[in-house]
Amino acid sequence: MLPQKRPHPDSKSKPPPLPEAEQKIYTSIKSKQSMGIWTADIKRETGLPNTVVTKALKSLQNKNLIKDVVNVHNRAKKMFMAVEFEPSREISGGSWYTDGKLDTELINALKRVCLRYIAEHKVTTMEEISRSIEASRVLNVPCSMQQLLEIVRTLVLDKEIEEFRSKGAGEFARVPSGKTCYRISRGKVGTEAGYLASVPCGVCPRISECTPDGVISPKTCVYYNKWLNLDF
Amino acid sequence: MISQDGVNLAVCVITAHFGDLVAKVCSCLLKRGSLSLQEIVRTTEFSNSQVKNCLLVLIQHNCVQAFSVPRGGAGGATKTVTQYMALFDNILHRMRFSKFLAIVKGDLGVQCETLLQGILGYGRLTFDQLMVRATSKQSEGSSCNVDVLRKNFSKLVHGHYVERCPRPEPFIAPSEEAAPARKRSSKFREEILSLEQQVVIAASLTDAERFSEIPNTGTDASVTEDKQDVTVGDKRKFESTELDEETEATISETEVLWRANFQKFVFCLKKKVCVAKVRSRKGLDAGVVLEAIIESSEQECDSSKIYVKASMDSILEKVRGKPDGISMTLELVRGILEDLDCSSHTEDCNVYYTIELQCITESCRKDEVESLILTKYGKEAFRIFGLLNRKGSPVETDQISDFTLVDKKVAQQVLYNLWKDDFLSMQKVSVEGTGQRRENFLWKLNKKSSWNLVLNHLYHAALNLNQKITHVVEQEHEALLSEEKLKHLKNSRTILELSLLKLDDAIMIFHDF
């Protein structure tokens, strides 16, 4: 049996040196940290030819030094980042985005759950909503209070629920005065059909071209005829 | 400043009611501001007498107000010139006569409604003319009918539904900052607005004068007999006083002109809209209480007031006078007043509650615009618009997308569409980050210009509805129409007319309330 060579003290921690092109590209990518860099920008910064860049990027990916990430602002373009970094919110889009796409299914599911809880309780706070959802284990994925707050805020904007500051009395009696709380919108949920939106002119894309005696006019308007079933 | 869409709608109303000639004179005044007779003649190319007749019609129907201004003549001499100013608001009120009649019918009954109909139809009438019109519609007039007429007319005056006509030609003293006559730029238009306000104020009578009822002398036989027992001096004095009162009553009946008080009707409609809004948001009880506050308020007649104030006692009295409020307890009413965000204070041992009507009407405007955004641009746009309305300050694209949980690409497209249609303003900002220079976009809702934009759309839509109604009526009169088609056209006309009435509610929300 041959004696085994003593291993070099640094052989495991130091990777083999990269070829010059790969090193140049890797340095460029790493310098961008969590912001990443487009392929086109790599080519411009390094001044290397197309084929060299493409080959080097593939090699760096195989060596697990870089990864490709999806930029939520432009999903078609390739973007690279060093593996030790996580894409910034600006690139990833935030916690609601997966591979550059908004997770509408998760958002809608959370909205339904929050809405159901708020409907069951006259007046409720963010903490109560969060505790209840956690306790019910209705979600497969963990959901922070911040994420639930973002969901509830969209429900307020959609006018499905109303946001108040508790007065500490009456229906707000169990909520400390001044605390933000929520309840289902009273009256008609969402928004009522407006007067202008109820007539064809209100939503007409050609309203700016419409004149009394013009080519587009009330007399000749096809939308009016459809609205009144006057197509005869 | 009246927009072109507003002018077009006003001219359409005048054309429908008074014909093309009068409409052309009115159009000239609306577009160019106040003008003298000669200026109108020059602009319209009508004859002197034609213009005069058109102006008489417009003044009779409260669509134009005359006023005098001094004008420097040759050699430094100043002469007084009569100018004429179109009253845009009053022209648009002509679309609402059916609503005004419904208000009076509901409050005072059918007979008062009939009297008002006469006044609205003729623009302005003396009491004498009103009587002649009313009695000619019935069988042989009797003194009993005259008394009933007088009583009903009194109700209209007492309720502030009719008023004495304003001064026919007030004198407007020159303003020190008057722009030169030649300038017809935006500064001239600004001058028109302030001049209009001056004219309206100068022409207005005081409230005491506006609603001063016609004295009722009556002819009582017992009074004549009593005169026998009086001394000669007293008798002469008595006869002279009675004559004055009689003369005064005669003058009041034959010379004082009365017209509809549009301010009152606008306030009634404003009340109706506010109560409906509160009822839909906070329930029936809240609607009853709000109606009670407004009705017991001291500022009842003034539609320009942004808040109303009433004592708890008067609110309770009004609430319990309504069918839905009869069983309401003090605690319930107090709770609703708090829920309506009324402020309270104590004055002379009475608790007074004040509510800002402006908040309710602003909420109506916001809802109308949001409904339009939802229908025209979709749910994402509705959410984004709602966010920008709340923020009131510029917000960056990514922030908007994060806050509303709208996909970033979709958010960009929505924002661009809203900006293209002038609902939003946009600002480009360059940002340096990690060696790269990026352009960010900031978006902001400019409420005033958005609300004006919607008002112009409302004017345009109302004009279109008017024209479509005319077109459908023309089609109805075509020969060789089958019964089914005729019925269909009539149904269509009903839909159009109802839509126009509803659209007019929205115009009032943005323009009059």
Side-chain angles (χ1 to χ4, degrees), chain A residues 31-35 37 41 72-75 89-90 93-94 96-97 100-102 104 107 111 150-151 153-154 156-159 167 169-171 185-188 190-205 207-208 210-212 217-219 221 224 227-230 232, chain B residues 8 12 279-283 335 338-339 367-372 374-376 379 382-384 386-387 390 398 401-410 412 433-436 454 457-458 460-461 463-468 471-472 475 485 488-489 491-492 495-496 499 502-506 509:
Chain A
S31 71
K32 300 297 179 285
Q33 298 181 5
S34 62
M35 288 301 292
I37 182 168
D41 291 336
V72 74
H73 293 286
N74 200 329
R75 290 174 207 137
R89 194 184 170 90
E90 209 176 311
W96 299 109
Y97 286 81
K101 276 188 183 171
L102 186 68
T104 46
I107 290 168
K111 274 173 136 178
E150 289 171 11
I151 293 288
R153 278 198 305 224
T154 61
V156 172
L157 287 174
D158 285 344
K159 296 199 171 181
K167 288 170 187 169
E171 60 181 331
S185 288
R186 283 189 289 187
K188 223 169 172 179
T191 190
E192 297 171 19
Y195 302 109
L196 191 53
S198 307
V199 297
C201 307
V203 295
C204 179
I207 188 78
S208 53
C210 171
T211 53
S217 74
K219 284 183 191 173
C221 180
Y224 260 123
W227 183 51
L228 298 167
N229 287 326
L230 282 176
F232 58 80
Chain B
N8 291 345
C12 172
R279 193 184 295 134
S280 75
R281 282 290 164 86
K282 295 183 186 277
E338 273 180 34
D339 195 28
D367 286 351
E368 179 65 28
V369 178
E370 284 181 347
S371 162
L372 180 67
L374 175 66
T375 315
K376 197 170 179 180
K379 193 143 185 152
F382 173 73
R383 208 183 291 159
I384 288 171
L387 171 69
R390 281 171 165 237
D398 276 350
S401 166
D402 291 343
F403 209 97
T404 56
L405 297 183
V406 170
D407 184 85
K408 291 185 192 295
K409 281 274 178 222
V410 172
Q412 266 174 6
T434 56
Q436 291 173 349
V454 171
H457 281 332
L458 285 165
H460 196 156
L463 175 67
N464 285 355
L465 281 169
N466 267 304
Q467 292 187 327
K468 192 65 187 173
H471 184 230
V472 166
Q475 285 181 307
K485 278 184 184 171
H488 196 91
L489 282 169
N491 286 342
S492 301
I495 293 171
L496 289 165
S499 299
K502 294 224 84 77
L503 204 76
D504 181 57
D505 286 344
I509 287 170

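Side chains are part of it too, since the values below use all heavy atoms of this structure and drop only hydrogens, waters and symmetry mates. Every chain is numbered from 1 and lettered A, B, ... according to where its sequence line falls, protein lines coming before strand lines.
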Among [options], residue most engaged with chain B (heavy-atom pairs, under 4.5 Å):
| options | answer |
| --- | --- |
| A:Pro212, A:Pro200, A:Gly93, A:Cys221 | A:Pro212 |
| A:Arg153, A:Arg75, A:Lys167 | A:Arg153 |
| A:Ala197, A:Ser208, A:Gly100, A:Gly94 | A:Ala197 |

>> Less than 4.0 angstrom from a charged side-chain N to a carboxylate O is my criterion; do B:Glu370 and A:Lys159 meet it?
In response: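 Looking at A:Lys159 together with B:Glu370, the answer is yes, because their closest N to O distance falls below 4.0 Å.
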
Atom [atom1] of [X] and atom [atom2] of [Y]: how far apart are they, to the nearest 0.5 Å?
| X | Y | atom1 | atom2 | result |
| --- | --- | --- | --- | --- |
| B:Leu496 | A:Trp227 | CG | CH2 | 5.5 Å |
| B:Lys468 | A:Ser217 | NZ | OG | 8.0 Å |
| A:Leu228 | B:His488 | CG | NE2 | 7.0 Å |
| A:Thr104 | B:Asp407 | OG1 | CG | 8.5 Å |

Are the side chains of [Y] and [X] in contact, using a 4.5 Å heavy-atom criterion?
| X | Y | result |
| --- | --- | --- |
| A:Lys111 | B:Leu405 | no |
| B:Asn464 | A:Ile207 | yes |
| B:His471 | A:Pro218 | no |

> Which heavy atom in A:Tyr97 sits nearest to a heavy atom in B:Ser401, and how many Å separate them?
Replying inline: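 Minimum heavy-atom separation between A:Tyr97 and B:Ser401: OH-OG, 3.5 Å.
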
Just by modelled atom types, is the [Y] backbone N or O under 3.5 Å from a matching donor or acceptor in the [X] side chain?
| X | Y | result |
| --- | --- | --- |
| B:His460 | A:Cys201 | no |
| B:Lys409 | A:His73 | yes |
| B:Glu368 | A:Leu196 | yes |

>> Can you tell me which of B:Lys376, B:Lys379, B:Glu338 forms the most heavy-atom pairs within a distance under 4.5 Å of chain A?
In response: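 Top count of heavy-atom pairs under 4.5 Å with chain A: B:Lys376.
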
> Top residue by heavy-atom pair count (under 4.5 Å) with chain A, among B:Asp339, B:Asp504, B:Asn8?
Replying inline: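 Result: the option with the highest number of such pairs is B:Asp339.
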
> Side chain, backbone, both or neither: which part of A:Cys210 has a heavy atom under 4.5 Å from chain B?
Replying inline: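 Both backbone and side chain.
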
> How would you list, by chain and number, every residue that makes a side-chain hydrogen bond (donor to acceptor under 3.5 Å, both in side chains) with A:Glu90, sequence neighbours excluded?
Replying inline: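 For A:Glu90 the side-chain hydrogen bond (donor to acceptor under 3.5 Å, both in side chains) partners, ignoring immediate neighbours, are B:Arg438.
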
>> List the residues meeting side chain to side chain contact (heavy atoms under 4.5 Å, CB included) with B:Thr404, not counting sequence neighbours, and say none if there are none.
In response: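 Here the qualifying residues are A:Leu157, B:Arg383, B:Ile384, B:Leu387, B:Ile400, B:Val406.
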
